[in-house]
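Here the structure comes first, spelled out in structure tokens, and everything after it is commentary.
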Amino acid sequence: MKMRSLLVPATALSFALAACSGPAETDKTPTASYDGDVVPEGRAAEPAVPAIKPTDIPTRGGDGSPIELAALTEADVSGAKLKGELACSFAADAAARPILLAQGDVASTEPSRGIVKVGDTIEAASANGGFDAMAKGTKFFAKGLELRVALVGPAQGGGESPPRPATLTADRADGAQRVFAGLWRCGP
């Protein structure tokens with residue numbers, strides 16, 4: 001049995017590729033990405049990431065005891081004497097008190113320092129890098145906990161420091177994990 005080779009002429013292939021590529025871009029104006037950053041000329045903005053409604057996931061694994069992170073009070077925050085030019089905080093919603101607060105310096109490689117309340121105990125937390133490293137989500141380390149902030153959507157509202165939907169995943173040293181849903185706010 002004879003096998004026929006299927007060769008596509010170069011012109012047919014180029015027409016097919018041209019039809020799939022869409023219209024040529026003529027506007028070279030810088031565009032903004034979904035997080036507000038301006039994209040350099042000649043590059044396209046990343047497509048907008050649709051907002052995902054984060055959801056709480058109760059504690060799984062470990063010794064079976066729940067991971068409890070409590071809201072920080074004004075006394076907790078003032079007693080911590082955190083240093084840094086700007087702060088980031090994680091809270092259940094815009095009206096709630098934060099369960100994680102950290103401060104850091106802009107354009108710094110020094111760790112950001114923060115606090116989290118585990119049950120009734122205030123624990124120090126730190127993240128590599130300064131404020132810039134925190135702004136788009138980061139990993140904090142506290143006594144027996146790793147806390148990961150992940151952004152899940154664009155900023156909500158305007159102003160200098162609008163909140164962004166996020167999750168805070170707490171991993172305890174015994175293997176337990178809990179996910180908190182809320183808002184990550186960074187700025188002055």
Side-chain angles (χ1 to χ4, degrees), residues 34-37 48-106 111-174 176-188:
Y34 77 91
D35 61 1
D37 293 338
V49 175
I52 299 170
K53 173 97 173 105
T55 57
D56 285 332
I57 300 173
T59 304
R60 299 179 297 204
D63 65 7
S65 63
I67 296 174
E68 299 292 338
L69 300 182
L72 297 164
T73 65
E74 287 183 36
D76 298 334
V77 173
S78 64
K81 297 183 176 140
L82 298 174
K83 295 183 174 137
E85 297 170 322
L86 297 173
C88 291
S89 65
F90 184 88
D93 59 50
R97 292 185 307 208
I99 60 174
L100 170 66
L101 174 71
Q103 289 184 225
D105 292 325
V106 176
S112 299
R113 304 284 180 194
I115 56 172
V116 63
K117 189 186 280 190
V118 181
D120 294 331
T121 306
I122 300 293
E123 296 290 346
S126 66
N128 293 329
F131 173 79
D132 301 334
M134 285 192 302
K136 293 190 178 187
T138 193
K139 190 183 302 184
F140 291 90
F141 300 94
K143 184 179 177 183
L145 279 177
E146 179 181 288
L147 304 161
R148 291 183 320 262
V149 176
L151 303 177
V152 296
Q156 297 180 340
E160 194 169 354
S161 54
R164 296 187 62 176
T167 58
L168 173 65
T169 303
D171 290 302
R172 196 167 56 201
D174 71 352
Q177 182 181 76
R178 180 174 177 189
V179 179
F180 299 84
L183 298 171
W184 184 239
R185 181 184 303 249
C186 293

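When atom types are taken as modelled, the side chain of Arg148 and the backbone of Lys139 share no donor-acceptor pair closer than 3.5 angstrom. Under the 3.5 Å distance criterion, the side-chain polar atoms of Asp132 are left unmatched by any main-chain donor or acceptor of Val106. Between the side chain of Trp184 and the backbone N or O of Leu168 there is no donor-acceptor pair closer than 3.5 Å. Between the side chain of Asp171 and the backbone N or O of Gln177, no donor-acceptor pair lies under 3.5 Å. Ser112 places a side-chain N or O within donor-acceptor distance of the main-chain N or O of Gly130, the cut-off being under 3.5 Å.
Across all their heavy atoms, Ala87 and Gln103 have their closest contact at CB-CG, 3.5 Å. Shortest non-hydrogen contact noted between Phe90 and Ala181 is CZ-C, 3.7 Å. The shortest heavy-atom contact between Ser161 and Cys186 is CB-O, 2.9 Å. Nearest heavy-atom pair, Pro98 versus Ser89, reported as atom, atom and distance to 0.1 Å: CB-CB, 3.8 Å. Phe131 and Gly104 get closest at one heavy-atom pair: CB-O, 3.7 Å. Residues Ala155 and Pro162 come closest through the heavy atom pair CB-CG, 3.7 Å.
Atom OG1 of Thr169 is separated from atom CZ of Phe180 by 9.5 Å, given to the nearest 0.5 angstrom. Distance CG/Leu145 to CZ/Arg178: 12.0 Å, rounded to 0.5 Å.
With contacts defined as side-chain heavy-atom distances shorter than 4.5 Å, the pair Leu72/Ile122 qualifies. Residues Leu183 and Gln156 meet the side-chain proximity criterion, which asks for heavy atoms closer than 4.5 Å. Contact of the Thr138 side chain with the Val149 side chain is not registered, since no non-hydrogen atoms from C-beta on lie closer than 4.5 Å.
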Show which side-chain atoms of residues 113-121 pair as donor or acceptor with protein atoms under 3.5 Å away, not counting sequence neighbours.
| residue | atom | partner | partner atom | Å |
| --- | --- | --- | --- | --- |
| Lys117 | NZ | Asp76 | OD2 | 2.8 |

Going by atom type alone, with no hydrogens or angles, which donor-acceptor pairs under 3.5 Å involve a side-chain atom of residues 62-71 and a protein atom two or more places apart or on another chain?
| residue | atom | partner | partner atom | Å |
| --- | --- | --- | --- | --- |
| Asp63 | OD1 | Ser65 | N | 2.8 |
| Asp63 | OD1 | Ser65 | OG | 2.6 |
| Asp63 | OD1 | Arg172 | NH2 | 3.2 |
| Ser65 | OG | Arg172 | NH1 | 3.4 |
| Ser65 | OG | Arg172 | NH2 | 3.2 |

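With a 6.0 Å radius and a threshold of 12 heavy atoms from other residues, nucleotides or ligands, Asp174 has its CG atom above the threshold.
With sequence neighbours excluded, no residue forms a salt bridge (charged side-chain N to carboxylate O under 4.0 Å, His left out) with Arg97.
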